[in-house]
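First the proteins, then the strands, lettered A, B, ... as listed; each starts at 1.
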Protein chains: 2
Amino acid sequence: MTGIDLGNETENSIFEAALDVFSRKGKHGARMQEIADTAGINKAMLHYYFRSKDLLYESVLGHVAHHFFSALEDAMSRPGPFTDVLGQMVGVYLDMHAANPAVARLWIQENLNGAPVAERILKQRKQSGAPGPHRLMRRIEQAVDAGEIKPTEPIQLMITVLGMTVMSFISQPTMKTLDPAAMADQAAFLKRRKKHIVEVLTHGLAS
Amino acid sequence: MTGIDLGNETENSIFEAALDVFSRKGKHGARMQEIADTAGINKAMLHYYFRSKDLLYESVLGHVAHHFFSALEDAMSRPGPFTDVLGQMVGVYLDMHAANPAVARLWIQENLNGAPVAERILKQRKQSGAPGPHRLMRRIEQAVDAGEIKPTEPIQLMITVLGMTVMSFISQPTMKTLDPAAMADQAAFLKRRKKHIVEVLTHGLAS
DNA sequence: GTCTATATCTCGATAGAC
DNA sequence: GTCTATCGAGATATAGAC
């Protein structure tokens, strides 16, 4: 499902189930029983493989972060003008979230809680030189310096891109009540969504 | 704090506390004990005033929705070209969330949970003719028809505006670790944020 | 490795004194 | 209206059979 493999089949099914439940209910609202049921095993197995709820949560967040940052690094490293790279990253990012909507929810849940676990992970990645959002920030700075886009604070563009993409998934329950027809075909909606985002960003950032 | 008044001082303090705790932990993760502690009273009072956790949650979501939709309706109803109106709405919306960041978190939590309560509230408002997001959708359609902005699916612009604004608050824990300096002064950051959003939207939607 | 059974704690909700 | 004390349900985590 996620493309993340922990090496053991039972462990993987627990991982997928935990990701889903944590992303909907949050770290505190999630119930070990619901994770076990979703994974199709019993509660005792959760503790056998991941020891505690806290450690299970940390494992999920860590693996997901690594998976996403690595994929984004690939898209970012391709040559070409910044707006093309940005378009490709938006595409990759939307596709990854479409294949696994739980990840966007999980990241949001972590932020609503003050992001204590995510903070530790991000600092670690930056220190070790692993792919992470700080690299994207530098790339934006370079694009501004080269005159490829209008002067833009990197953090503003980060929030804007994150908002336009992630919100596509987060807000779906509400949006489906506002315009059910537009959201009925998920694949078609996301195709139009991607076009909209790239258009707005390209013209909105043109120098 | 929110400007929402339930008429009774104790009731108000419970309301504020519940909004804060629900917004951080979600409906399932929130603990009645924590709400009571935050409000400075004991658990029994929560049940005395709001009967149950479910009813407390519904009350909070309902009052917050009404407060925000009414304010947005005011900003939307002012005369002038659409891009000006949009700029004003973004300003009002950012200011409201800045004064009460818990609201954005609460709305997100509700969506992560499938938005069952919000759905009921939205349908009720639409039926009764009360201010709500469906009115903004119609206003966007009119702007497209009048050629004020390039052809744009209303739902796409809704998600984009929501994403650019709400994400400013939601993502702060992560963003603070990425660029602490930029986020240190909250008021200054939001001023720059507003400018960025209006610029990107104005040029990004120009017909 | 996988299960059942259970220990221990914490939750939402209520009873009843004041 | 506001409190303390407490109930029963449900939570995490563990023990121990297989």
Novice: Could you give the angle between the helix axes at the two ends of the helix from C:dG1-D:dC18 to C:dC18-D:dG1, with five pairs per end, rounded to 10 degrees?
Specialist: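 Computed from the C1' atoms at both ends, the axes differ by 0°.
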
Novice: Pick base, sugar-phosphate or nothing for B:A30, based on heavy-atom distances below 4.0 Å to the nucleic acid.
Specialist: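 Sugar-phosphate, backbone atoms only, no base.
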
Novice: Report the residues that fulfil salt bridge (charged side-chain N to carboxylate O under 4.0 Å, His left out) with A:K191, sequence neighbours left out, ordered by chain and then residue number.
Specialist: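 A:K191: no salt bridge (charged side-chain N to carboxylate O under 4.0 Å, His left out) contacts found.
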
Novice: Please report the distance, rounded to the nearest Å, between CG in A:D37 and C1' in D:dA11.
Specialist: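 Computing the A:D37:CG to D:dA11:C1' distance gives 14 Å.
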
Novice: Write down the distance between CD1 (A:I14) and C1' (C:dT2), rounded to a whole number of angstrom.
Specialist: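 Taking atom C1' of C:dT2 as the reference, CD1 of A:I14 is at 11 Å.
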
Novice: Is a side-chain donor-acceptor pair under 3.5 Å present for B:T2 with B:N100?
Specialist: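 Result is no, nothing qualifies.
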
Novice: Return the value, rounded to whole Å, for the distance between atom CZ of B:R31 and atom P of D:dA9.
Specialist: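 Distance, rounded to whole Å: 18 Å.
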
Novice: Determine which pairs satisfy ring pair (Phe, Tyr, Trp, His ring centres under 6.0 Å) with at least one residue from residues 38-58 of chain B, sequence neighbours left out, and list them in order.
Specialist: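 As it turns out, the ring pair (Phe, Tyr, Trp, His ring centres under 6.0 Å) pairs with a partner in residues 38-58 of chain B, which skip direct neighbours, are B:F22-B:Y57.
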
Novice: Taking only residues at least two apart or on different chains, which pairs with a member in residues 119-129 of chain B satisfy side chain to side chain donor-acceptor pair (under 3.5 Å)?
Specialist: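 Sorted pair list: B:E58-B:R120, B:H66-B:R125, B:E119-B:K123.
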
Novice: Would you mind telling me which of A:V198, A:I149, A:L205, A:T202 makes a side-chain contact (heavy atoms from CB on, under 4.5 Å) with A:L86?
Specialist: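 The passing option is A:L205.
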
Novice: What is the distance from CZ of A:F22 to C1' of D:dT12, rounded to the nearest Å?
Specialist: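 Value for this atom pair: 12 Å.
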
Novice: Work out which heavy atom in B:L112 is nearest to a heavy atom in A:I170; give both atom names and the distance.
Specialist: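 Smallest interatomic distance, heavy atoms only, reads CD2-CD1, 3.9 Å.
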
Novice: Does a nitrogen or oxygen in the side chain of A:T10 sit under 4.0 Å from OP1 or OP2 of C:dG1?
Specialist: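 It does not, given that no N or O in the side chain of A:T10 lies less than 4.0 Å from OP1 or OP2 of C:dG1.
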
Novice: Measure the distance from CD1 on B:I35 to C1' on C:dG12 and round it to the nearest whole Å.
Specialist: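 The answer, rounded to whole Å, is 11 Å.
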
Novice: Can you tell me how far P of D:dG1 sits from CG of B:N12, to the nearest Å?
Specialist: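 The distance from CG of B:N12 to P of D:dG1 comes to 14 Å, rounded to the nearest Å.
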
Novice: Identify, residue by residue, the members of residues 42-58 of chain B with a heavy atom below 4.0 Å from DNA chain D, and return them in order of residue number, or none.
Specialist: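 Close to the strand are B:N42, B:A44, B:M45, B:Y48, B:Y49.
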
Novice: Take atom NE2 of B:H28 and atom C1' of D:dT12, then tell me their distance rounded to the nearest Å.
Specialist: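 So the two atoms are 18 Å apart, to the nearest Å.
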
Novice: Can you list the residues that meet the ring-ring contact (aromatic ring centres under 6.0 Å, His included) rule with B:H63, with sequence neighbours excluded?
Specialist: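 So B:H63 forms a ring-ring contact (aromatic ring centres under 6.0 Å, His included) with B:F15.
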
Novice: In this structure, how many angstroms lie between the C1' atom of D:dG1 and the CG atom of B:L6, rounded?
Specialist: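 These atoms are roughly 17 Å apart.
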
Novice: Just by distance, with hydrogens left out, do B:H97 and B:T165 show a side-chain donor and acceptor under 3.5 Å apart?
Specialist: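 Absent: no donor and acceptor within the cut-off.
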
Novice: Please determine whether the number of non-hydrogen atoms from other residues, nucleotides or ligands lying under 6.0 Å from atom CZ of A:R192 exceeds 12.
Specialist: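 Check passes, neighbour count above 12.
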
